[in-house]
Amino acid sequence: MAQKEVGIGLIGYAFMGKTHSNAYRQVARFFNPEVKPILRAICGRNEQNVKRAADQFGWESYETDYRRLLERKDIDIIDVSSPGNEHLPMAIAAAQAGKTVFCEKPLGNSFDEAKQMLDAVEKAKVVNMVCFNYRRVPAVALAKRMIENGDLGRIYHFRARYLQDWIADPNFPLVWRLQKEIAGSGTLGDIGAHILDLSAYLVGKLTEVCSMTETFVKQRPLQATSTGTEGLNAQASSEMGEVTVDDAAAFIGRFENGAMGVFEATRFAPGRRNFNTFEINGEKGSVAFNFERMNELEYFNAQDPTDRQGFRTINVNENDQPYSGIYWPAGHIIGYEHSFINTVYDLLQGHAQGKSPHPDFRDGAYNNGVLDTVVKASESRKWEAVPQV
Ligand SMILES: NC(=O)c1ccc[n+]([C@@H]2O[C@H](COP(=O)([O-])OP(=O)(O)OC[C@H]3O[C@@H](n4cnc5c(N)ncnc54)[C@H](O)[C@@H]3O)[C@@H](O)[C@H]2O)c1
């Protein structure tokens, strides 16, 4: 019997538009999903650019208004890869049109928005998923497996830092990520959201947080005319504008299971490009991960004989490890794009089986709830309770 086809409609054609397009094209070449993705249409507001993206990324057609994607009967999954302020209207309309909704992180620009989005997918009973792709890096999946096996025993600490440096130059322009009305928050929602999601995946939920945030550069040159595709290569104009989001955020939190969480996110760490790291300490050992060495997991086993104890580096491309055999023979490493291919595979399986893969919109709403609480705590200078979802 021929494999059932599923039509994809993707909104956004720049950074995430490219990674998601690649994932849909590659996924059936490595995995054997129950449904085969067909790249029906990509959407963007600028016709010339979206047409070029459709050709380059291999889409059958393009649209300049996302509502057209929702009307099309040949599209089953809507992928929201636009900036944060567009997530709510797009995801809610997609759910109401009965489509499976795959939304980039953070789910909403606030907890309130995320709850509305959760409500919409639950009312419409549609499959939903948030693109926290780092969950599906093999080394992270191995850490998850080890924690579930009890290899680390009781967890005491989750300690994470997500460091970048692309706006450390004060003359870098005021792109959308530095504007609250578009991005919701700054570094906190952009990269802090990722380490927070990893903590939810690996350790559990936070009950309360205490925090500080800072905006080091309060005025920046406005962006010169945007084509919507330049991203980190944006050019500055001579006019100045106000930065309305955080440049850095640091927070501590208490997990439901009694573990302590320490989190730091900044784009002002010169030399740190995509330094997405965590270390987890438990009663039987520790694991440590650094995305800049994404094929490796550091592991310390406190039960090793005392004369040979020490952190070992596990190359997570070997037999029996998560995702082994999907791509290349043992020892042949993979990259950033594979985290998206792995994520899209689970999305397709979820669509085929009518079951939302993790992290779903409820997980995304929890994430937004913590982000809002971090902002609240930095303003109140007090411990603040994380809202229930
Ligand atoms: N999972 C990850 O690791 C990761 C990494 C980067 C960005 N993101 C998230 O992905 C989303 C997009 O970020 P990006 O880096 O791709 O941004 P980007 O600026 O590179 O691209 C945004 C795209 O959305 C399009 N767009 C904006 N408004 C639109 C509208 N109304 N209709 C149609 N298209 C519209 C723009 O033209 C552009 O093509 C954000 O939510 C961001 O937080 C996730």
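First listed ligand is number 1; within each ligand, the first listed atom is number 1. All values below come from the heavy atoms of this structure, side chains included, with hydrogens, waters and symmetry mates left out. Since this is a predicted model, take the numbers as computed values, not measurements.
Only the side chain of His87 comes within 4.0 Å of ligand 1, judged by heavy-atom distances. Counting heavy atoms under 4.0 Å from ligand 1, residue Met16 touches it through both backbone and side chain. The proximity of Ala183 to ligand 1, defined as any non-hydrogen pair under 4.0 Å, does not occur for either the backbone or the side chain. At a 4.0 Å heavy-atom cut-off, ligand 1 touches Met90 through the side chain alone. With a heavy-atom cut-off of 4.0 Å, Arg177 touches ligand 1 through its side chain alone.
When the heavy-atom distances from atom 37 (O) of ligand 1 to Lys18, His20, Lys105, Arg45 are ranked, the shortest goes to Arg45. The heavy atom nearest to atom 24 (O) of ligand 1, out of those in Gly84, Pro83, Gly17, Ala14, is found in Pro83. Heavy-atom proximity to atom 40 (C) of ligand 1, evaluated over Ser82, Ser81, Gly189, Ala193, is greatest for Ser82.
Judged by the shortest distance from any of its heavy atoms, His194 lies inside the 4.0 Å radius around the atoms of ligand 1. Contact between Phe132 and ligand 1 is absent, with no heavy atom of the residue lying under 4.0 Å from the ligand. Not close to ligand 1: Tyr66, with no non-hydrogen atom less than 4.0 angstrom away.
Against a heavy-atom cut-off of under 4.0 Å, Cys131 is close to the following atoms of ligand 1: 1 (N). With ligand atoms numbered from 1 in the order given, ligand 1 contributes 33 (C), 34 (N) to contacts under 4.0 Å with heavy atoms of Gly44. When each atom of ligand 1 is checked for a heavy atom of Ile11 under 4.0 Å away, the hits are 33 (C), 34 (N). If you number the atoms of ligand 1 from 1 as listed, the ones under 4.0 Å from a heavy atom of Tyr13 come out as 37 (O), 39 (O). Atom numbering of ligand 1 starts at 1 in the shown order; those under 4.0 Å from a heavy atom of Phe15 are 5 (C), 6 (C), 14 (P), 15 (O), 16 (O), 20 (O).
Side-chain contact check for Thr213 and Asp246: no donor-acceptor pair (N or O, by modelled atom type) lies under 3.5 Å. Side-chain N/O atoms of Asn295 and Asn317 include a donor and acceptor closer than 3.5 Å. Side-chain contact annotation: Ser110 with Asp112, donor-acceptor N/O pair under 3.5 Å absent. If you check the side chains of Asn276 and Arg161, you find no donor sitting under 3.5 Å from an acceptor. Inspection of the Gln179 and Thr244 side chains reveals no N or O donor paired with an N or O acceptor under 3.5 Å. In this model, no donor atom of one side chain and acceptor atom of the other lie less than 3.5 Å apart for Asn274 and Glu292. Asp247 and Thr215 are not linked by any side-chain donor-acceptor pair at a separation below 3.5 angstrom, with hydrogens and angles left out of the test.
Judged by the 6.0 Å and 45° rule, Lys205 forms a cation-pi pair with Tyr366. Geometrically, Arg25 does not engage Trp59 in a cation-pi contact defined by less than 6.0 Å to the ring centre and at most 45° from the axis.
At least one N or O atom of Asn133 sits closer than 3.5 Å to an N or O atom of ligand 1.
Residues passing the side chain to side chain contact (heavy atoms under 4.5 Å, CB included) test with Lys144 are Glu148, Tyr201, Leu202, sequence neighbours excluded. In terms of the side chain to side chain contact (heavy atoms under 4.5 Å, CB included) criterion, residue partners of Arg293 (sequence neighbours excluded) are, by chain and number, Asn290, Glu296.
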